[in-house]
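Please read the structure below before turning to the comments.
First the proteins, then the strands, lettered A, B, ... as listed; each starts at 1.
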Number of protein chains: 2
Amino acid sequence: MATRGRPRTFDPDTALRQALDLFWERGYEGTSLNDLAQAMGIASASIYACFGSKEDLFRKVMALYGTTSGEPPRRALREQPTARAAIHAMLRATADEITRPDTPHYCMLILAAPTGAVENHAVREFLAGLRRDMHTTIKDRLARGVTDGDLIAPPAGLDAIARFYTTVVQGLSIQARDGAGRTELEAVITCAMAAWDTLTSVPSHQVH
Amino acid sequence: MATRGRPRTFDPDTALRQALDLFWERGYEGTSLNDLAQAMGIASASIYACFGSKEDLFRKVMALYGTTSGEPPRRALREQPTARAAIHAMLRATADEITRPDTPHYCMLILAAPTGAVENHAVREFLAGLRRDMHTTIKDRLARGVTDGDLIAPPAGLDAIARFYTTVVQGLSIQARDGAGRTELEAVITCAMAAWDTLTSVPSHQVH
DNA sequence: CGATTTGTTGGTCGTTCGACAAACAAAGAA
DNA sequence: TTCTTTGTTTGTCGAACGACCAACAAATCG
């Protein structure tokens, strides 16, 4: 069916991008609908007509975020030939993303709504779910390394190692938020990768 | 001087503790003065008379938080005999604190106000400053290890190692917030400590 | 008692929310 | 051209909420 009636005068993708920028900077609760309407260049009535509620809009924003800023780390995991290289490249891609000069210095998924008013519990849990996916994705990549033969099933356990690197990724966001630069993040990544060989080899002696 | 006039009917310390609990659960912006007045059992006017503005109250709350929940990790750093034991014990104390059944499963210092509305910039920077102190405190402890002789000045640099463990501490908060239990945090800590020996010994071969 | 301090009630003043309504403008389809 | 759809502007509307404060009532001391 062809589009009847008056076509949209604003581009929903552009508007969504503008909403993303604002949510990114101020978090979910810190952003009001009026702020959004102003930034998107449309009336709040149009926001409701096109995107639904504030929460609906935010969920769409997060989908866009995942396919843009979230993509480089995910691609690193996917395309690097070994599990080790994949983890290292993912950490670096993350550091690159959260120190870009044109965007806030942190991962939106992690800091947009960690706590808040009771009525926004659903939003927080939505984000928590996405964060848990991070852990799963990393763990799957490690498992692939075992399948591929570049990683010997480590004694520490895939789950623990995946959780460790997830923790580092999430900690990096706080570091960048608090002013750490790309160089400082790289130093943290180097430290995190120093654990790799110990974690993925058969223990010759027990550590404490 | 003896107390003149009508004595207080509420205990400021108790009220502060109740304010702490609420700020901890909902974050800075997610907590309204009405919420606070209700939880503290006093009228909002009494809050102003006794504690000053919302921001003043929050700063006093954070001071209390630092001397209560913040103390075990700090004590671990202080009292353990070696730098390595200090870092390990600090991580464990942190994990203990953020998985207590009677409090929210995260560090308030890290998640109470990472982002938010423009007008609360001062509060965010106040917290960021306290977080930067974490890094400094850890770094100082490592330096003490060098002085004490239990730690050889590591090639990675004290600053980098301190930042790495600060990053882990901060990442643990997100993990616990998202549902990771004490056991899972322990596994992350084990991974983080696996990096220690590599980081604090002379490199036999260059890593990537 | 009278001075002093505290707590309460009620209110300021401003903003926000989502919802909804009317009236008009614009653009394309039949 | 006429109908249909979409969008805009503007407004209402109430209810709620935000931080904050002034006037009054209460309690205890010297």
Side-chain angles (χ1 to χ4, degrees), chain A residues 1-16 18-19 22-23 25-61 113 115-124, chain B residues 1-16 18-20 22-23 25-62 112-113 115-124 126:
Chain A
M1 64 175 189
T3 62
R4 298 254 315 173
R6 178 178 176 175
R8 245 183 255 279
T9 56
F10 68 92
D11 177 18
D13 291 338
T14 305
L16 203 61
Q18 286 157 336
L22 209 61
F23 273 129
E25 186 189 322
R26 306 185 185 179
Y28 182 74
E29 290 188 358
T31 309
S32 76
L33 268 191
N34 273 14
D35 293 339
L36 288 166
Q38 203 166 346
M40 298 163 86
I42 56 179
S44 69
S46 299
I47 296 181
Y48 281 93
C50 182
F51 300 104
S53 69
K54 183 185 181 186
E55 182 175 336
D56 289 336
L57 172 62
F58 184 72
R59 286 173 189 261
K60 282 162 187 156
V61 157
T115 66
V118 190
E119 63 262 32
N120 296 317
H121 180 256
V123 171
R124 286 195 293 281
Chain B
M1 65 176 190
T3 62
R4 298 257 314 173
R6 179 177 177 175
R8 241 185 258 279
T9 56
F10 68 93
D11 177 19
D13 290 338
T14 305
L16 201 62
Q18 286 157 336
L20 167 56
L22 208 63
F23 273 129
E25 187 190 322
R26 308 186 183 179
Y28 181 74
E29 290 187 358
T31 308
S32 75
L33 269 189
N34 277 10
D35 294 339
L36 288 166
Q38 204 166 346
M40 297 163 86
I42 55 179
S44 70
S46 296
I47 298 181
Y48 281 92
C50 183
F51 299 105
S53 69
K54 183 186 182 186
E55 182 175 334
D56 289 337
L57 172 62
F58 184 73
R59 286 172 189 260
K60 281 163 187 157
V61 157
M62 285 311 300
T115 66
V118 189
E119 63 262 30
N120 296 315
H121 180 257
V123 171
R124 286 195 293 281
F126 165 65

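- The side chain of A:Tyr48 places an N or O atom within less than 4.0 Å of a non-bridging phosphate oxygen (OP1 or OP2) of C:dG18.
- At whole-Å resolution of the value, CZ in B:Arg26 and C1' in D:dG18 are 15 Å apart.
- Judged by distance alone, with hydrogens and angles left aside, the side-chain atoms of B:Ser46 form no donor-acceptor pair with the main-chain N or O of B:Ile42 at under 3.5 Å.
- The distance from atom CD of A:Glu119 to atom C1' of D:dC17 is 10 Å, rounded to the nearest whole Å.
- For A:Leu36 and C:dG18, the CG to C1' distance is 14 Å, given to the nearest whole Å.
- A cation-pi arrangement is not found for A:Lys54 relative to A:Tyr48, the charged atom failing to lie both closer than 6.0 Å to the ring centre and inside a 45° cone about the ring normal.
- B:Asp56 has its CG atom 13 Å from the C1' atom of D:dA19, to the nearest Å.
- Between the A:Arg124 side chain and the A:Ala117 main chain, a donor and an acceptor come within less than 3.5 Å of each other.
- Of all heavy-atom pairs spanning A:Ser44 and A:Ala37, the tightest one is N-CB, 3.9 Å.
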Output a table of nitrogen or oxygen pairs between the protein and nucleotides 7-16 of chain C separated by less than 3.5 Å.
unit_1, atom_1, unit_2, atom_2, d
C:dG7, OP1, B:Thr9, N, 3.0
C:dT8, OP2, B:Ala43, N, 3.3

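- Atom-to-atom, CZ of B:Phe58 to C1' of D:dG18 comes out at 17 Å; the value is rounded to the nearest Å.
- Applying the side chain to side chain contact (heavy atoms under 4.5 Å, CB included) criterion to A:Ala39, with sequence neighbours excluded, gives A:Leu22.
- Residues B:Val61 and B:Phe51 form no side-chain contact, since every pair of their non-hydrogen atoms from C-beta on lies 4.5 Å or further apart.
- In this entry the distance linking CD of A:Glu29 with P of D:dC17 reads 14 Å, nearest Å.
- Between the C1' atom of D:dG18 and the CD1 atom of B:Ile47 lies a distance of 13 Å, rounded to the nearest Å.
- As a whole-Å value, the separation of A:Glu55 CD from C:dG18 C1' is 14 Å.
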